[in-house]
Amino acid sequence: MIQLDKQYEPGEVEKRWGRFWEEKNFFHADETRESPAFSIVIPPPNITGRLHIGHAFNNTLQDILTRWKRMQGCNALWQPGTDHAGIATQNVVEKQLHEEGADRQDLGREAFVKRVWKWRNESGGTITNQLKKLGCSLDWERDRFTMDEGLSKAVREVFVSLYEEDLIYKGDYIINWCPRCHTALSDLEVEHQDMQGYLYHLKYSVKDSDDFLVIATTRPETMLGDTAVAVNPNDERYQKYKGKKLILPVLNREVPLIEDDYVDTSFGTGALKVTPAHDPNDFELGRKHQLETINIMNPDGTMNSLAGPIYEGLDRFECRKKLISNLKDSGILIKIEDLNHSVGHCYRCRTVVEPYLSKQWFVKVKPLAQPAMKAVRDGSIKIVPKFWENTYFEWMENIRDWCISRQIWWGHQIPAWNCNTCGEVVVARETPNSCSACSSTDLVQETDVLDTWFSSALWPFSTLGWPEKTASLKRFYPTSVLCTGFDILFFWVARMIMMGLKFMGDVPFKDVYIHALIRDAEGQKMSKTKGNVIDPLEVMEKYGTDALRFTLAAFAAQGRDIKLAEDRIEGYRNFCNKLWNASRFVFMNLEDYKGSCVLDKRSKFSSADLWILSRLNRATKEVNEALEAFRFNDAALTVYKFIWNEYCDWYIELTKSKLASPGRERVAAQNMLIHVLDSALKLLHPFMPFITEEIWQKLPQDENSIMVSPFPEYREAQTNEAIEKEMALIMEVITGIRNIRGEMNLNPGLKLNVLVKTQSSETQQTLKYHGEYVRELARVEKLEAGSNVVKPKVSASSVLGEMDLIIPLEGMMDFQEERNRVEKELKKIEKDLIFLDKKLSNPNFVKKAPVDIIEKDEQRKKSLSLKQVKLEIHLKTIEQGLC
RNA sequence: AGGCGCGUAGCUCAGGGGUAGAGUACUUGCUUGACAUGCAAGGGGUCGGCGGUUCGAAACCGCCCGUGCCUACCA
């Protein structure tokens, strides 16, 4: 006989089954298998990452889908992998070097990259192991890394193809530069933050005149690179200076006054200093008006020689300080205003980014964006929840070219070679030996690497073997669902759609499920710097992995951020224990059971048996439907309620009388208990893989693992309305009795006699037939039901539908308690009747409302009135007793 | 500056044109032979405010207040 401990202890169980699944290779998807494919690619976590609550959430949802589909018989692939995270990883290793008193320049490129690989091989797998702990059923055999040979080949293929089609180009443009990471960033990699800054008003004198113009700027140090001042052509104030030159303070350079209606007359003074090398707008103005560009900054954010001898070598912010101080002394600075404006920061290191003119590589995105928008518009890709589609379209419509070159060492080096002899740029799939133009062998490869997101954009097909035409690619592409947070909708999702369509000729996934972000109890985004992180590993340690997973699923309602509360996790930990103990009860009653979990058609099933089967069937339907629609919370709560509120609270209790003595009813109950437990465990398995496997393995069944057993399906014939109605009546009577017992503070152990007065012969039959249930669950000695029941003077009573529930209490009646109870009830009835009366006496309601609503209300009014009359009579007898 | 969410029980959150639900917390009573990480019963909400549509609004629409986020070339 199988005995369970009194409490569920997750720690050891999780380790054991985690190992078991991996050993049995259950997570593996075989590309040669013919069953319908279901595939998901994991959003590859950074190799620098540690599992945070967002990962836990994201991956729990994917695992739920994967396990569910796998159990449904699909050839289910959940593709694992990690991302090389160029800047982030380089930063980690550079920091290490720094601690050793060195920097990457000391090592040189080759040695540095080698060092990063070493770090990756030693520490890059942390998150992989943590995902295993979370129970993720990823096909580890297929683990990929964005810097793998195969994926690198894919990157080259895509780069060269795009270049050949003129969709990749190189040029001098203003980009976002991080002076700390020493690299260009794409627009997306800049995080804007509102900051309190200053608007400095500076005097620029007009050449050959005593007049001056006042310009306003937030970044005064850039004036050293000014090559013009712009005003609006319609601005009255500046008409008289048309065509004049201005003298740039400090450097005393002559700059022209140009006119452009881009200039907003209402901002600042209406006069705009123009620095084409250090501001994106000024860059555009500069091109339009053919202005000179003067780059006054070094890549590390210090000023270069063009900034003049006083400022050369100073950091940009020191320069600002010193410059302002000097300008103040020389009377150039007129005033300083407070200004709240948004400042861009590097998303990897939080340094203020600098708009910076430099030579970079770009992807021409517009031609790729068109089909990507169409795919979503025509439904080839569905974004769930739908409202994210708007965000997607808005971004795609305004998309600008994507800066893909990064001046770092860790990443895919751009497959372009510069010929030192003739200056030709050779872009090739294979490393060329000689220049395609002049045959010189003096070729030097481009030092820049590609944006990490460039390789991520290929993820859904590069992981499956592309550019080779693999069987996996054929079987699993397009993938079924992409599951991710909205924070990388543009970074990643949009780009995968563009690249998938371009290179595979098909969408990379059919559904995109966008889930919420997890925040702390105050609604703040969790971050290490704020110190408000919830560590999922700690939670798993304390409450068990299943409890965490279930909590996350229960919170996963669509379209709302999640404020994670620890007491919810505790609640679901208790649910694990509840399930554990229900199972414990079942096993305690199986010692003489010879059957299996399969329903035995010849069994003599009781009404309770058929009832739970019917309820199980409904729950099964709801779980499948909810998961189909990505309503994880509905699915989770349905299983929860079924197990706790139906199986445990009612069914187990109802079986106790049947189990009490040997016989056909006992066997039937045993059969149904384990059949339903088996199914419930399966329904719960995708959410709580560990505890379900642990219990399920002890059930009499001959399959290998619950994770590869068939998921329950809805069966029309198992829904039994008549039985559900019958049992609802029984439960109503039981609850009615318990209510009186509780409200009147009657001793729980006290056996009561109960009379039910009812005109319905059906009700009489049901109560007669199932009297045992009532006697057991409501602690009743004698139960009598009939139309001529006589109510003793000293009794408690309530009205349940058309039934009068009467509990004789001769000698133990607390009249005051009973009066309070009945008066409370009457008060509520009165309130309801007033409401209904008002509604039903409204001629418009009767005229316009649907018939079934009117009928329902009329029915309710009738039964409430009847109940009221009965209770008032009862109240009178009580009051007699009080005198 | 535009755009998108959210505001429901003390707390954390579901729901959604026909008189409000869960978990947790709270009150009362229970060492009932699965479970005190439990059982039974109970209290608790003019569903942010104001208008509108409707026979009927917490739900749909508009405005306002509060709150969170995203996008943007706010010198």
Side-chain angles (χ1 to χ4, degrees), chain A residues 4 6-8 174 187 192 199 215-219 222 230 262-264 267-275 279-285 339-342 355 387-388 390-391 394-395 398 400 486-487 489-490 516-517 519 521 523-525 543 547 551 554-555 557 559-568 570-589 633-634 637 640-641 645 648-649 652-653 656 735 738-749 779 824 831-832 835-836 839 842-850 852-854 856-857 860:
Chain A
L4 302 185
K6 228 172 158 177
Q7 270 186 21
Y8 173 62
I174 280 271
D187 296 335
H192 292 274
L199 194 59
I215 60 91
T217 178
T218 52
R219 293 185 298 146
T222 62
Y262 160 77
V263 181
D264 178 358
F267 190 92
T269 60
L272 168 70
K273 64 189 266 317
V274 183
T275 325
D279 183 279
N281 298 314
D282 295 6
F283 178 73
E284 288 303 321
L285 277 177
L339 181 76
N340 211 313
H341 64 144
S342 148
F387 62 76
W388 285 111
N390 296 332
T391 313
E394 202 178 313
W395 188 69
N398 300 309
R400 283 173 305 156
F486 60 81
D487 51 332
L489 182 61
F490 307 140
L517 243 49
R519 300 174 189 284
Q524 299 290 309
K525 206 167 162 175
Y543 298 104
T551 309
F555 263 114
R560 191 208 262 255
D561 285 347
I562 296 169
K563 285 189 237 169
L564 197 59
E566 195 162 325
D567 59 359
R568 284 287 289 266
E570 194 177 329
Y572 294 123
R573 187 268 320 260
N574 295 354
F575 174 56
C576 290
N577 201 52
K578 185 72 182 175
L579 172 65
W580 183 255
N581 276 290
S583 309
R584 183 167 179 258
F585 170 83
V586 173
F587 289 123
M588 285 169 81
N589 286 285
N633 57 325
D634 286 342
L637 289 181
Y640 178 95
K641 284 183 186 163
N645 303 125
C648 293
D649 287 350
I652 284 186
E653 295 306 320
K656 284 179 179 171
T735 307
R738 285 172 173 175
N739 174 298
I740 290 175
R741 196 193 281 275
E743 290 272 282
M744 294 191 68
N745 289 320
L746 296 173
N747 187 326
R779 306 219 147 200
K824 196 171 81 188
K831 211 180 108 203
D832 287 354
F835 171 83
L836 281 172
K839 204 169 166 185
N842 179 348
N844 278 325
F845 174 71
V846 184
K847 207 160 66 193
K848 294 185 179 169
D852 53 321
I853 296 289
I854 299 172
K856 208 177 96 195
D857 282 344
R860 275 183 60 210

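Because the structure is a prediction, the values reported are computed rather than measured.
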Between [options], which nucleotide has the shortest distance from any of its atoms to the side chain of [X]?
{"X": "A/Pro850", "options": "B/rA34, B/rG18, B/rG23", "result": "B/rG18"}
{"X": "A/Asp649", "options": "B/rA41, B/rG18, B/rC39", "result": "B/rC39"}
{"X": "A/Asn842", "options": "B/rA34, B/rC55, B/rG5", "result": "B/rC55"}
{"X": "A/Arg738", "options": "B/rA75, B/rA40, B/rA14", "result": "B/rA40"}
{"X": "A/Trp395", "options": "B/rG18, B/rG43, B/rU71", "result": "B/rU71"}
{"X": "A/Ser342", "options": "B/rC35, B/rA34, B/rC74", "result": "B/rC74"}
{"X": "A/Phe387", "options": "B/rU71, B/rG5, B/rA72", "result": "B/rG5"}
{"X": "A/Phe555", "options": "B/rC74, B/rA34, B/rC13", "result": "B/rC13"}
{"X": "A/Ala582", "options": "B/rA72, B/rG42, B/rA34", "result": "B/rA34"}
{"X": "A/Asn581", "options": "B/rA40, B/rA34, B/rU71", "result": "B/rA34"}

Note to self: Pick the closest RNA chain B nucleotide for A/Arg573 and for A/Ala554 by heavy atoms, then say which residue is nearer the 5' end.
What the structure shows: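 On the 5' side of the pair lies A/Ala554.
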
Notebook entry, point to check: With no hydrogens and no angle check, is any side-chain donor or acceptor of A/Asn581 less than 3.5 Å from a backbone partner on A/Asn577?
Noted result: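 Answer holds: yes.
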
Next item on the list: Using modelled atom types only, decide if a donor and an acceptor are shared between the side chain of A/Arg741 and the backbone of A/Arg779 within a distance under 3.5 Å.
Entry: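 Present.
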
Check the phosphate of [N] against [X], side-chain N and O only, distance under 4.0 Å to OP1 or OP2. Yes or no?
{"X": "A/Asn739", "N": "B/rG42", "answer": "yes"}
{"X": "A/Lys6", "N": "B/rC35", "answer": "yes"}
{"X": "A/Asn574", "N": "B/rG38", "answer": "yes"}
{"X": "A/Arg568", "N": "B/rU24", "answer": "no"}

Notebook entry, point to check: Between A/Lys656 and A/Phe585, is NZ or CZ placed under 6.0 angstrom from the six-membered ring centre and within 45° of the ring axis?
Noted result: yes

Pair assignment for [N], Watson-Crick or G-U wobble, requiring both distances under 3.5 Å:
{"N": "B/rG45", "result": "none"}
{"N": "B/rG56", "result": "none"}
{"N": "B/rG2", "result": "B/rC70"}
{"N": "B/rG29", "result": "B/rC39"}
{"N": "B/rG17", "result": "none"}
{"N": "B/rA9", "result": "none"}

Margin query: Distance criterion of 3.5 Å, no angle test: do you see the side chain of A/Lys578 paired donor-to-acceptor with the base of B/rC35?
Written below: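 Check passes, donor-acceptor contact within cut-off.
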
Item checked: base_contact_polar (B/rA72 base, A/Glu394 side chain, donor-acceptor, <3.5 Å) -> no

Checklist line | A/Tyr8 vs A/Leu579 side-chain heavy atoms within contact, under 4.5 Å | finding: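 Not in contact.
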
Check: Got A/Lys273 and A/Thr222 here, is their nearest side-chain heavy-atom distance under 4.5 Å?
Finding: yes

With sugar-phosphate meaning primed atoms plus P, OP1 and OP2, does [X] contact a base, only sugar-phosphate, or nothing at under 4.0 Å between heavy atoms?
{"X": "A/Asp832", "result": "base"}
{"X": "A/Ala271", "result": "base"}
{"X": "A/Asn589", "result": "nothing"}
{"X": "A/Phe575", "result": "nothing"}
{"X": "A/Cys576", "result": "nothing"}
{"X": "A/Val586", "result": "nothing"}
{"X": "A/Thr391", "result": "nothing"}
{"X": "A/Tyr8", "result": "nothing"}

